[in-house]
Amino acid sequence: MERHTRRTVESWLAEALAPTPLPRGVSSRDLVRRAVTFDRPPRLPYALILPVRSDFFELAALQRVLGTGRRRVHGAVYRDEWGVQRTAGPHKWDPVVVHPLADLTGLDRHRLPAAAALVHVDRLAPFVQRARQAGKYVVAADPVSLHERLESLLGFESLLTAPRWNAGAFAALLDRLADLTVEAIGLIARLPGVDAFMTWQDLASQSGPHVSRDTFQRCFKPAYARIAAAVHEHNLHFIWHICGAVAGLIPELIDLGVDVLQLDQPRLVGHDLLAARFGGKVCFWNTIDTQWAVAGPRSPADLHAEAAAMIRPFQRLPGGLMLRHYPFPEDIGLTSKFHDDTARVFADLAVTRVQGMSG
Amino acid sequence: MHETLDAMKQSLLDLDMDGALTQARSIVAGAAGVSAQDGVNAVAEALQVVGKRFQDGEWFVGELVYAGEIATSAMQLLCADLAAGTRPRLGTIVVGTVAGDVHDLGKNIFVNFARSAGFDIVDLGVNVAAVQFVDAVKAHQPLAVGLSCLLTITAGEVGKVLDALGAAGLRDRVKVIIGGAALTEQFARDVAADAFAPDAVTGTDIVKSWSAG
């Protein structure tokens with residue numbers, strides 16, 4: 001079993017560390033950094049998962065391959081390291097059965113894991129070193145992801161309403177989670193070769209942000225500002241994944257100092273609008289819009305047109321766009337054919353972009 | 001409008017739970033000189049304003065959820081004071097999140113708004129199989145069935161519920177409204193639902209229009 005696991009990790013690594021097509025003298029890391037800093041990258045960086053072909057080396061993906069969690073029987077109820085009771089299921093996230101802080105009572109007694117238990121520096125260090133030697137741009141994963149953690153601890157409804165019915169306790173919890181995140185960033189920064197810190201914060205639904213800008217600024221932004229400051233203090237890029245109709249929040253995220261916005265639903269803002277309003281201010285790392293992808297059979301021609309529509313508005317800019325496969329296709333019913341087709345289209349258009357720039 | 005009713009309405013619009021409930025208790029205690037029915041009407045009026053703020057992009061789901069919770073709490077106080085049968089009822093709605101999906105926020109917001117608007121709600125909860133919807137329609141003979149679905153991977157369950165209602169010979173007797181992050185207007189047309197609710201406020205308004213018709 002152990003040998004099988006080791007072989008699986010090694011075969012994944014062989015793909016993940018393999019070079020992507022690059023101009024002479026340019027590494028994947030150079031490419032990504034130039035895209036993020038609007039320094040005329042010679043092509044669009046991309047991250048493909050089936051098969052793995054990527055300018056990035058994502059520690060989140062590595063940790064999934066390494067299998068940090070214990071395997072559980074489907075349907076088994078367990079308590080995770082945050083004290084959240086879940087049911088084991090087939091998808092990436094196991095559904096929550098009990099939110100332990102739903103009414104915020106017991107907050108003082110509730111134990112959060114230590115940062116060292118979340119960031120396994122010694123275990124990750126050799127992989128980061130190999131990735132850096134292979135010229136990859138290394139992305140570390142936020143082990144807290146504050147908003148997602150609040151949601152699992154409180155439940156979504158309490159997360160949205162607690163700032164009104166128990167502002168003090170809510171702020172205290174937010175502070176504890178922000179402290180933990182800052183501590184985790186410090187540990188991640190000890191890994192020589194990490195380029196970026198990526199967080200997952202789904203602050204919006206399909207129709208708009210969960211809370212008004214005023215509420216965001218008052219209740220959430222101070223905690224995020226501390227996290228952003230810690231990321232930049234360690235000279236890392238700050239990558240922020242967010243889904244939903246996020247146009248109203250993007251100015252806030254830019255103001256926080258987010259370097260890269262990773263969107264899985266760029267259509268909800270609009271490709272043209274993303275480039276016109278925010279191009280040059282923050283770099284986007286977009287997938288083919290997931291809702292569009294799953295809404296019907298999509299031919300290679302459909303996909304080509306969609307990817308071209310996503311890329312075209314950014315071609316006037318000296319960077320600021322990167323491409324990505326949605327990393328959990330099976331969870332949303334995307335087929336491997338869809339990802340194969342997307343990989344071909346991305347590879348094609350990423351190079352076309354070079355020709356467009358040189359022309 | 002009466003001072004107490006104004007104050008209760010304003011408290012709800014200020015998202016002040018304590019203020020709204022203080023006014024509701026004053027009404028129930030008879031200290032305000034207005035009836036519980038007047039109080040119910042004031043809550044309903046406030047929710048109309050909440051709905052408009054949400055639809056205009058002034059308020060977001062966080063504010064919508066909390067306004068719904070305040071309205072529900074106030075209505076519980078006020079309705080307990082209404083004599084049985086005196087409260088005007090708009091009809092019954094059976095609601096649930098479809099099989100495979102355990103998200104309940106959207107459903108709960110809709111339940112709060114529809115209940116506050118005067119509907120009786122039969123809430124089947126989350127992860128509800130098609131046969132449970134059929135059984136509930138047989139048992140409660142509702143005006144409408146509301147199906148919630150957040151996950152794209154469970155959207156197919158919506159069609160299964162509609163098929164099951166049809167197979168049971170119930171489809172012509174009940175309206176079906178669907179909503180949730182995974183669903184769209186086009187999807188509602190594809191599965192021949194009667195309506196798509198982009199949000200809880202619009203959904204309540206749609207069912208109200210069916211009740212009036």
Side-chain angles (χ1 to χ4, degrees), chain A residues 86-87 89-91 93-97 99 151 155-167 170 202-216 218-220 243-249 264-265 268 289-296 326 328-334, chain B residues 11-12 14-21 53-70 72-73 97 100-109 111-112 126-127 149-156 179-187 190 196-202:
Chain A
R86 297 175 182 272
T87 309
H91 301 301
W93 299 108
D94 290 334
V96 175
V97 181
H99 303 285
E151 187 176 338
F156 191 50
E157 202 161 334
S158 288
L159 160 59
L160 293 177
T161 58
R164 300 193 184 277
W165 51 256
N166 198 340
F170 183 77
D202 281 330
L203 297 162
S205 67
Q206 302 299 293
S207 55
H210 292 152
V211 297
S212 63
R213 255 177 106 166
D214 172 61
T215 302
F216 178 80
R218 199 162 29 84
C219 299
F220 295 92
C243 276
V246 296
L249 274 177
D264 290 341
Q265 299 180 313
L268 280 177
D289 187 289
T290 51
Q291 293 282 25
W292 177 86
V294 300
Y326 181 71
F328 312 107
E330 64 281 2
D331 278 7
I332 60 169
L334 282 180
Chain B
S11 293
L12 199 154
D14 291 341
L15 297 175
D16 173 5
M17 174 77 86
D18 291 343
L21 297 188
R53 287 182 181 178
F54 180 72
Q55 286 162 345
D56 289 348
E58 189 183 341
W59 274 12
F60 297 85
V61 69
E63 287 83 5
L64 196 67
V65 170
Y66 199 51
E69 288 184 1
I70 295 172
T72 298
S73 299
T97 303
D101 192 339
V102 296
H103 294 87
D104 61 3
L105 179 66
K107 173 183 70 63
N108 290 348
I109 302 173
V111 165
N112 282 338
V126 298
N127 192 21
C149 177
L150 183 86
L151 301 174
T152 306
I153 50 175
T154 58
L183 309 179
T184 61
E185 185 86 48
Q186 180 59 48
F187 186 90
D190 291 346
F196 166 70
D199 56 71
V201 180
T202 308

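So that the names make sense, note that chain A is the first sequence line, chain B the second, and so on, each numbered from 1. Small disclaimer: the values here were computed from a predicted structure and weren't measured.
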**Prompt:** Measuring heavy-atom distances to chain B, does Pro95(A) have an atom under 4.5 Å in its side chain, in its backbone, in both, or in neither?
**Reply:**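 For Pro95(A), side-chain heavy atoms alone lie under 4.5 Å from chain B.
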
**Item:** chain A contact via Asp199(B) - which portion, at a heavy-atom distance below 4.5 Å
**Value:** neither

**Asked** Which bit of Gln186(B) comes within less than 4.5 Å of chain A, counting heavy atoms only: side chain, backbone, both or neither?
**Response** neither

**Message:** Return the CZ to CD1 distance between Arg164(A) and Ile70(B), rounded to the nearest 0.5 Å.
**Reply:**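 Going from the CZ atom of Arg164(A) to the CD1 atom of Ile70(B) covers 8.5 Å.
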
**Prompt:** How close do Phe60(B) and His210(A) get, heavy atom to heavy atom, and via which atoms?
**Reply:**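 Answer, listing the atom of Phe60(B) first, then His210(A): CB-O, 3.5 Å.
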
**Message:** Could you tell me if the side chain of Glu63(B) sits less than 4.5 Å from the side chain of Thr215(A), heavy atoms only?
**Reply:** yes

